[in-house]
Amino acid sequence: MESKLKDKAWTKEFEKPISAEFLKNPFKFDKKSLKLVYSIDTPPPYVNTPIHMGHAATYSLMDMFARFRRMIGFDVIFPLGLDRNGLPIEMAAEKKSGKKFNEVSREEFLKICEKVLEEASTESVDSFQKLAISFNSWKLGTGIGDLYHTDSADYRALTQETFIDLYNKGLIYEDERVNNYCPGCQTTLADAEVIYENKPTIFNDIIFKIKETGEEITIGTTRPELICTCRMVIFNPEDKRYQHLSGKTALTPIFEKEIQIKAHPMAEIEKGTGLAMMCSAGDLSDIRFFREMGIVPVIAISADGTMNSHAGFLEGLKVKEARKKIIETLKEKGLLVKQTQINHRTPVCERSKDEIEFIAMKEFYLKQTDFKDKMIQLADKVNFYAPESKQIYLDWVNSISIDWPISRRRYYATEVPVWWCECGEMILPPKGKYYRPWKEPSPVKKCPKCGSAKIKGDERVFDTWFDSSISPLYILKYSRDNEFFEKNSRCSLRPQGKEIIRTWLYYTLFKDYLLTGKPIFRDVWINYHILDDKGKKMSKSAGNVIDPQEIIKKFGAEPLRLWCAVEGNLDSTDFRCSEERIEGAGKTLTKLWNVSRFILMFPEPEGKVELTALDKWIINEINSIVNDARAKFEKYDFHNPITALKNFLWETLASHYLELVKGRAYNDNSKFSKEEQNAAVFTLTYCLEKMLKVFAPVIPMISYKIYNDFKGKNIHLEEFPKADKKYELEFTREELMGLNSLIWKTKKDAGKSLKAEVILLTMPEKFKSIEADLKEAHSVKEIKYGEIGVKI
RNA sequence: GGGCCUGUGGUCUAGCGGUAUGACGCCACCCUCACACGGUGGAGGUAAUGGGUUCGACUCCCAUCAGGCCCACCA
């Protein structure tokens with residue numbers, strides 16, 4: 001008999017033509033369909049580096065979610081987005097041109113960025129295609145489900161529009177903020193560009209006076225030029241030496257400013273003299289401290305890196321000069337007790353290695369501290385998978401103490417859509433267009449306030465998260481197709497990594513709440529990480545990065561996908577990437593192929609079908625798997641159902657049912673009736689069909705091929721199976737499998753072949769209904785009923 | 001330094017109050033007509049460590065250790 005599956009085994013070479021076929025017929029989103037919409041806010045990967053193993057795994061899982069939802073009747077929005085904004089692109093451009101972004105004109109620099117983007121690797125897209133990820137489309141466009149770029153005019157226009165809306169709602173304001181500033185590169189830096197080095201620094205012990213008692217105290221500092229910004233002296237609450245100072249007033253040297261002395265755990269007993277002066281020169285932590293204490297910070301360094309009027313006699317000096325000068329002055333006045341050289345962890349510029357200065361600049365802020373309670377409540381309206389991940393979000397929201405700074409001084413990002421009149425009036429353009437104020441004229445010729453025509457465009461851009469946080473709005477056509485958006489938001493699912501909960505997830509929930517008044521996601525699926533085979537995090541510098549293309553080349557995409565499902569639940573645990581285990585997953589594909597090949601050897605049964613108890617048993621088994629899978633897939637758990645299905649395939653179906661039913665299916669000696677033989681074939685194909693459909697979202701290519709040869713139809717357009725009614729049976733799965741195993745073991749222990757005859761099989765009466773199948777399968781001469789026993 | 005999460009045979013995983021599930025790998029035997037990418041059998045775990053609650057704990061609580069994620073790095 002010839003099987004409908006001709007090839008002896010499934011090989012990775014079969015994947016190519018199938019994935020090509022998938023590409024020809026993508027699952028386009030059909031706005032006119034009457035189906036319910038299920039939308040996935042996919043995380044746009046960065047284009048400048050090819051996707052790594054983590055992407056391959058998480059997108060494979062997202063694809064399982066998408067394919068499953070389609071099979072249960074949803075129209076799925078599953079777009080591919082490519083992230084092209086921000087620093088990584090600028091870094092690549094700088095590397096390529098050998099020039100820093102402020103060394104060439106803005107226009108020129110953007111051209112280099114665009115060139116970098118043009119040449120950006122298409123390897124990621126190729127990987128997605130090889131993995132058979134079922135995005136709605138691979139073509140760039142502005143329709144629902146189309147491929148989108150985060151730097152497109154369309155996307156950026158929407159980002160700018162949300163700025164205009166939020167500004168008009170009174171939620172955005174401008175304020176002076178301290179920035180990391182590199183004097184070498186002459187630019188502000190993001191925190192991520194700052195590294196720390198141990199550098200020898202002079203630690204100066206300086207005398208402060210106590211106003212009430214005249215006592216002198218000594219405080220150590222590496223930044224004496226900032227004494228003018230000192231607004232508090234603190235000591236550790238446990239520090240016995242200074243308890244008497246609590247509540248007293250200190251006078252700063254030279255400036256004679258009165259400041260409070262307080263106990264605060266931030267002061268360390270062993271560090272310096274145990275007394276610390278708190279200056280508002282520094283970074284966010286200083287700002288936070290001042291806010292906590294209710295003190296207004298004083299900024300003494302201006303944007304050009306020189307001391308301003310707050311610094312008094314130091315005004316106009318550069319920071320280092322100011323430090324020199326004040327040390328001289330302190331020495332003259334006898335206020336400098338001691339100078340020691342210490343190794344100090346100093347923030348330096350990642351590239352030029354210059355010491356970072358902190359200077360104040362005006363930046364836009366989005367109010368968020370007022371919304372903390374709301375954002376905590378909002379989390380209860382979102383389903384977190386796994387639920388434990390919610391805590392990461394809550395912890396972050398609780399720790400927020402300052403508003404969100406949304407403007408940056410870089411080039412390749414969405415421009416802040418603002419113009420400024422010489423009189424200081426801010427001019428907002430109307431919504432709906434993409435604006436580039438640094439090169440475009442203002443939307444109004446004259447300032448509405450003073451009538452002046454001297455209007456300049458703002459040169460700042462947005463923080464990338466200000467862009468990224470509108471992705472669900474963008475893919476659901478917020479403000480572009482209001483009817484559609486109203487009907488189909490909230491977005492069904494946000495899948496993302498655990499490490500960006502405080503950024504991408506929080507900012508999206510927050511900003512989109514401000515804009516729409518609702519939690520934008522229904523479900524949030526948080527994924528953990530793929531580690532290398534030793535359990536270490538993959539990183540370029542460690543050289544342990546596993547390339548998914550290599551894995552696909554070696555084993556194929558299907559084993560990789562199956563491995564993702566079988567390895568564990570990525571929503572609660574990291575995976576170690578082991579080639580051995582991925583290869584092992586491939587064996588299940590072969591097993592599935594061979595079982596299918598066997599089943600598809602028998603012609604479709606004609607005439608009546610009379611199910612035996614054995615058939616009913618295996619039908620119960622597969623149905624309970626179908627039930628379980630339906631329920632758990634909905635909750636993004638593929639691991640447990642697929643593990644169960646895999647076990648069903650290997651053990652229950654292949655080892656037990658198949659072995660027992662073989663004789664009846666062949667029926668060479670006509671020991672069984674035609675109806676019974678039909679039942680065997682019917683049951684086998686029944687199991688195969690359901691099994692393939694449960695596997696289909698996980699391993700779409702092999703299931704597509706088998707189902708096509710089996711039914712001549714596209715399995716991915718079929719409905720996900722439902723369980724049929726359950727049959728009552730006298731024996732359990734364990735009892736049946738135990739009986740088989742006992743017979744096989746008895747033969748083996750006696751050194752006989754498995755085909756050897758059983759002279760007498762004694763078994764409980766509950767197996768009477770499957771007597772004929774047992775007799776045939778185990779070559780039993782005689783059967784008796786009673787205590788179990790095998791005689792050979 | 002702070003917060004949160006995790007810790008089950010060599011590797012990975014299930015269950016989550018009654019001494020442990022399955023897979024991969026390993027060893028032995030077997031080419032039985034779908035499959036040697038197979039079959040059968042076997043070795044291998046005092047559940048990170050130490051306490052506590054309980055008649056009883058892998059399962060609950062505390063501490064320690066290790067790993068992960070995020071934040072901070074300041075006199």
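Numbered from 1 within each chain, the chains take letters A, B, ... in sequence-line order. Remember, it's a predicted structure, so these values are computed and weren't measured experimentally. Note: hydrogens, waters and symmetry copies are ignored here, and every other heavy atom, side chains too, is used.
- Taking atom CD on A:Glu499 and atom P on B:C4, their separation rounds to 20 Å, with Å as the unit.
- Using a 4.0 Å heavy-atom cutoff across all strands shown, A:Lys662 reaches at least one base atom of the nucleic acid.
- Remark: A:Lys390 NZ is packed, more than 12 non-hydrogen atoms of other residues, nucleotides or ligands lying under 6.0 Å away.
- Judged purely by distance below 3.5 Å, without hydrogens or angles, the side chains of A:Glu13 and A:Thr11 pair a donor atom with an acceptor atom.
- Mapped onto RNA chain B by nearest heavy atom, A:Gln391 and A:His529 fall at different nucleotides, with A:Gln391 at the one closer to the 5' end.
- Across all strands shown, A:Trp10 has no heavy atoms under 4.0 Å from either base or sugar-phosphate atoms.
- Side chains of A:Thr221 and A:Asn204: no donor on one and acceptor on the other come within 3.5 Å.
- Contact annotation for A:Ile599: no contact, since no heavy-atom pair falls under 4.0 Å across all strands.
- On the C1' atoms, B:G45 is 30 Å away from B:C69, given to the nearest whole Å.
- Between A:Leu653 and A:Met691 there is a side-chain heavy-atom pair separated by less than 4.5 Å.
- Considering only the side chain of A:Asn594, B:C35 comes nearest among B:C35, B:C24, B:G68.
- Using a 4.0 Å heavy-atom distance criterion, A:Tyr528 is classed as a sugar-phosphate-only contact.
- In this pair, A:Phe602 and A:Phe598 present their aromatic rings perpendicular. The plane angle is above 60°, beyond the 30 to 60° band.
- For A:Lys587, a side-chain nitrogen or oxygen approaches OP1 or OP2 of B:G25 to under 4.0 Å.
- Distance noted for atom P between B:C58 and B:U19: 10 Å (whole Å).
- Look at CZ on A:Phe575: it is 12 Å from P on B:C12, rounded to the nearest Å.
- Taking the six-membered ring for Trp and thresholds of 30 and 60 degrees, A:Phe682 and A:Tyr686 have ring planes inclined between 30 and 60 degrees apart.
- Across all strands, A:Ala654 comes closer than 4.0 Å to base atoms (heavy-atom distances).
- Nucleic acid contact class of A:Arg597 (heavy atoms, under 4.0 Å, all strands): sugar-phosphate only.
- Because its NZ or CZ atom is both nearer than 6.0 Å to the ring centre of A:Trp504 and within 45° of the ring axis, A:Arg494 counts as a cation-pi partner of that residue.
- Computed from coordinates, the A:Trp563 CH2 to B:G25 C1' distance equals 17 Å when rounded to whole Å.
- Residue A:Ser578 is classed as having no contact, given no heavy-atom separation below 4.0 Å to the nucleic acid.
- For the pair A:Arg576 and B:U11, the criterion of a side-chain N or O lying under 4.0 Å from OP1 or OP2 is not met.
- Distance from the side chain of A:Ser655 is smallest to B:U40 among B:U40, B:G3, B:C37.
- Of the two residues near RNA chain B, A:Asp668 and A:His639, the one whose nearest nucleotide lies more 5' is A:His639.
- The strand RNA chain B forms stems, runs of 3 or more Watson-Crick or G-U wobble pairs with distances below 3.5 Å, at B:1-7 with B:65-71, B:10-12 with B:22-24, B:26-30 with B:38-42, B:48-52 with B:60-64.
- Heavy atoms of A:Glu659 sit under 4.0 angstrom from at least one base atom.
- One P atom belongs to B:G39, the other to B:C71, and the distance between them is 48 Å to the nearest Å.
- For A:Trp563 and A:Phe555, the distance between ring centers is not under 6.0 angstrom.
- Summarising the geometry, the separation between OH on A:Tyr506 and P on B:C70 is reported as 18 Å, rounded to the nearest angstrom.
- Look at NZ on A:Lys498: it is 5 Å from C1' on B:C69, rounded to the nearest Å.
- For A:Lys591, a side-chain nitrogen or oxygen approaches OP1 or OP2 of B:G39 to under 4.0 Å.
- As judged by a 4.0 angstrom heavy-atom cut-off over every strand, A:Asn569 is placed among residues making no nucleic acid contact.
- Taking the six-membered ring where tryptophan is involved, the planes of A:Phe633 and A:Phe638 are essentially parallel, since the angle between them stays under 30° and well short of 60°.
- Annotation: B:G22 and B:G44 have their C1' atoms spaced 15 Å apart (nearest Å).
- Atom NE2 in A:His656 sits roughly 20 Å away from atom P in B:U32 (whole-Å rounding).
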